[in-house]
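Only this structure's heavy atoms are used, side chains among them; waters, hydrogens and symmetry mates stay out. The residues of the chain are indexed from 1 along the displayed sequence.
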Amino acid sequence: MNIVKRTPFLFPVSPLLLFPLLLQFAFCQTRTVVHTPSDEIFVNPERGFYQVEETGMTRGQITPYQKLDSERLRAIRQSHSLLFRYFGLKQWRAVELPDSVLQNINSDFAAIRSAGLKCIPRFTYSANIGEPDAPLSIILRHIDQLKPILRANKDVLAVMQAGFIGAWGEWHSSTNGNDSPQNMRTILNKVLEALPSERMVQVRAPRYKQQIFTLPFDSTAAIAPAQAFTGIPIARVGHHNDCFLADANDMGTYWRDNRIDTALAKAYLRLDNRFVPMGGETCQPSVFALCPNAVREMARLRWSFLNDGYDEEVISGFITGGCMDEMKRKLGYRFALLNSEFTIAVKRSGKFNFRMKLTNSGWASPFNPRDVELMVRNNRDGKVYV
C-alpha cells in the first residue's frame with residue numbers, strides 16, 4: 001500500500017508557562033489522516049502472474065534431474081513473486097525416490113527461498129496423455145518421503161497442486177486407475193496430511209473436491225464462513241484451472257455426473273474461492289479469452305495467480321487488448337489504507353490508540369495466514385518501534 005505523506009503536526013510557538021498545559025492536551029488528542037490509494041503496479045507475495053520452471057517433463061523421454069538456477073530465479077524475482085515448479089518423477093514410477101533426488105528437491109526449495117520467491121509445486125509422473133503414472137502404492141510412498149521436505153520448507157510454499165495422478169498431474173488419463181474417486185480421495189488425504197496444516201492444496205476441477213467430500217454439484221457445496229481457515233480438510237482444498245477461458249466450459253473443467261453445467265460450477269467456485277486459492281493457466285485462444293470476458297471471469301471467480309508464459313497467444317491478447325495492467329493490479333489481494341486515527345503523543349507507559357480503515361480492491365483474499373505488525377517511527381531520530 002502507498003500512503004501519501006502529510007506535513008507533521010507542529011505545536012505553535014508558546015510561552016514556556018503554557019508548555020505543560022499544551023503537553024497534557026497533546027497526550028489526550030488524536031489525529032486523523034486520510035490516505036490516497038495508489039494505482040501503481042507492484043509485486044506482492046503469493047499473487048499475480050507466475051513463471052514456470054520444470055524438471056523431468058520432456059515428453060516421451062526420461063531426463064536427468066535439472067536443478068533450479070539461482071541466477072535465473074533472481075531474475076524472475078524482479079517482476080514476479082511466484083514460481084510454479086514441475087517436479088517430474090518419471091524415473092521413479094516403480095521405486096522409492098533416491099536420497100539424491102530428495103536432496104535436489106530440498107535444494108530447489110532453498111534456492112527459491114534465497115531468491116525471495118514463493119513456490120507452487122506439482123509432482124507428476126507423466127508429461128503427456130498416454131504416458132504412465134505410478135501405482136497407488138508408489139504414490140503414497142513418495143508422498144511419505146516428501147513429507148519432511150514439504151514441512152521443512154513451509155515458508156516458501158504458497159500452495160501445492162495435488163498432482164501425482166495422470167497426465168501432467170492433472171487428475172485425468174491415469175494408466176493405473178488413480179483417477180477413480182476412491183484413489184483420488186486417498187491421494188488427496190495423503191497430500192493434506194503431508195503438508196503443514198497451514199498450507200492448502202489445489203485440485204484441477206471443482207467436481208474432484210465435490211466428489212471427494214461428498215458434496216452437491218451446486219453453490220451449497222461451498223465452504224461456509226464458519227469453516228474457513230479452520231484447518232479442516234474441506235477448508236484447505238482450492239482449485240486450479242489449466243484451460244481457463246479456452247471455450248464455454250474450459251475444456252471440460254465444469255463436467256460432472258455425465259453433464260456440463262458451467263453456471264452451477266461457477267456459482268460454486270465464486271463462493272468457495274472466498275476462502276481458498278484459485279489459479280492456473282490458459283491453454284488456447286478463443287473469443288472467451290478476449291479482455292472484457294477475461295477480466296470479468298477473473299473477478300467473478302476470484303483469481304489469485306496466472307501463468308504468464310502459456311498460452312502465449314492468449315497472454316499477448318491481454319497486452320494488445322489493454323487489460324494486462326488491470327490483471328497485474330488485481331490478481332489476488334490489493335490492500336489500500338483509506339484512513340488512520342492515532343494518538344498524537346503518549347506518556348511513558350501510557351496507552352497508544354490506533355485505528356485504521358482498509359479496503360481490498362483485488363479479486364481475491366490472501367489464503368495463507370500472515371501476522372500484522374504496527375511500526376511507529378520517531379520523526380526526530382528515525383528509530384522504529386514495532
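Using a distance-only test at 3.5 Å, with no hydrogens or angles considered, no donor-acceptor pair links the side chain of Thr343 to the main chain of Gln29. Here the side chain of Gln145 pairs a donor or acceptor atom with the backbone of Leu97 at under 3.5 angstrom. One N or O on the side chain of Trp168 and one on the backbone of Ala127 form a donor-acceptor pair closer than 3.5 Å. Panel note: side chain Thr359, backbone Ser361; no donor-acceptor pair is recorded below 3.5 Å. In this structure, Tyr50 contributes its side chain and Gly309 its backbone to no donor-acceptor pair below 3.5 Å. Put simply, the side chain of Lys90 gets close to the backbone of Gln61: a donor and an acceptor are under 3.5 Å apart. Distance alone, capped at 3.5 Å, is enough to place a donor-acceptor pair between the Ser126 side chain and the Asn128 backbone. At distances below 3.5 Å, at least one donor-acceptor pair connects side-chain atoms of Arg47 with backbone N or O atoms of Tyr333. At distances below 3.5 Å, not a single donor-acceptor pair connects side-chain atoms of Asp250 with backbone N or O atoms of Thr253. The closest donor-acceptor contact from the side chain of Thr175 to the backbone of Asp133 lies under 3.5 Å.
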Checklist entry - Should Ser340 and Val33 be marked as a side-chain contact (heavy atoms from CB on, under 4.5 Å) after you check the CA-CA gap, both sets of side-chain angles, and the distance that decides it? => result CA-CA 5 Å; Ser340 55; Val33 178; 4.0 Å; yes
Item to check | Stepwise side-chain contact (heavy atoms from CB on, under 4.5 Å) check, Gln161 with Glu170 | outcome: CA-CA 9 Å; Gln161 295 190 349; Glu170 286 189 17; over 6 Å; no
Item to check | Chi angles and distances behind the salt bridge (charged side-chain N to carboxylate O under 4.0 Å, His left out) call for Glu326, Arg329 | outcome: CA-CA 5 Å; Glu326 183 175 6; Arg329 290 187 186 98; over 6 Å; no
Item to check | side-chain contact (heavy atoms from CB on, under 4.5 Å) between Val156 and Asn153, intermediate numbers included | outcome: CA-CA 6 Å; Val156 295; Asn153 292 284; 3.9 Å; yes
Next on the checklist: Could you go through Glu53 and Ile76, starting from their C-alpha distance and side-chain angles, then the distance that decides it, and tell me whether this counts as side-chain contact (heavy atoms from CB on, under 4.5 Å)?
Outcome noted: CA-CA 10 Å; Glu53 292 289 316; Ile76 291 173; 4.0 Å; yes
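Annotation: salt bridge (charged side-chain N to carboxylate O under 4.0 Å, His left out) contacts involving residues 205-232, sequence neighbours excluded, comprise Lys209-Asp272. Counting only residues at least two apart or on different chains, the salt bridge (charged side-chain N to carboxylate O under 4.0 Å, His left out) pairs with a member in residues 357-381 are Glu46-Arg370. Each salt bridge (charged side-chain N to carboxylate O under 4.0 Å, His left out) pair with one or both residues in residues 226-244, not counting sequence neighbours, appears once here: Arg122-Asp242. For residues 340-386, no pair satisfies ring-ring contact (aromatic ring centres under 6.0 Å, His included), with sequence neighbours left out. Counting only residues at least two apart or in different chains, ring-ring contact (aromatic ring centres under 6.0 Å, His included) contacts with residues 181-221 comprise Trp171-Tyr208. The stretch residues 302-312 participates, sequence neighbours left out, in no salt bridge (charged side-chain N to carboxylate O under 4.0 Å, His left out) pair at all. Sorted by first and then second residue, the pairs that involve residues 85-123 and meet ring-ring contact (aromatic ring centres under 6.0 Å, His included), not counting sequence neighbours, are Phe84-Tyr86, Phe87-Phe109, Phe87-Phe123, Phe123-Phe164.
At a threshold of 4.5 Å between non-hydrogen side-chain atoms, the residues Val295 and Met327 count as touching. Between Ile143 and Val191 the shortest side-chain heavy-atom distance falls below 4.5 Å. At a threshold of 4.5 Å between non-hydrogen side-chain atoms, the residues Tyr254 and Asn241 count as touching. For the pair Thr124/Met57, a side-chain contact is recorded, criterion being any heavy-atom separation below 4.5 Å from C-beta on. For the pair Val276 and His239, the minimum side-chain heavy-atom distance is below 4.5 Å.
Considering CG of Leu192 and CD1 of Ile234, their distance stands at 11.5 Å, rounded to 0.5 Å. With rounding to the nearest 0.5 Å, the separation of NZ in Lys154 from OG in Ser197 is 7.0 Å. One finds the CG atom of Asn178 at 9.5 Å from the OG1 atom of Thr186 (value rounded to the nearest 0.5 Å). We find the CZ-CG distance between Phe42 and Asp39 to be 9.5 Å, quoted to the nearest 0.5 Å.
One side chain, Tyr65 or Asp108, offers a donor N or O that lies under 3.5 Å from an acceptor on the other. Side chains of Arg185 and Ser180: a donor-acceptor N/O pair is absent below 3.5 angstrom, by distance only.
With sequence neighbours excluded, no residue satisfies salt bridge (Lys or Arg N to Asp or Glu O under 4.0 Å) with Arg77. In terms of the salt bridge (Lys or Arg N to Asp or Glu O under 4.0 Å) criterion, residue partners of Glu96 (sequence neighbours excluded) are, by chain and number, Arg141. Checked against salt bridge (Lys or Arg N to Asp or Glu O under 4.0 Å), Arg334 has no partners two or more places apart in sequence or in another chain. In this view, Cys119 satisfies the disulfide bond (SG atoms under 2.5 Å apart) rule with no residue, not counting sequence neighbours. The salt bridge (Lys or Arg N to Asp or Glu O under 4.0 Å) check on Glu341 picks up nothing, with sequence neighbours excluded.
Around atom CD of Glu313, no more than 12 heavy atoms belonging to other residues, nucleotides or ligands sit under 6.0 Å away. Atom CD of Gln66 is surrounded by 12 or fewer heavy atoms from other residues, nucleotides or ligands within 6.0 Å.
Closest approach of Val95 to His142, counting heavy atoms only: O-NE2, 2.7 Å.
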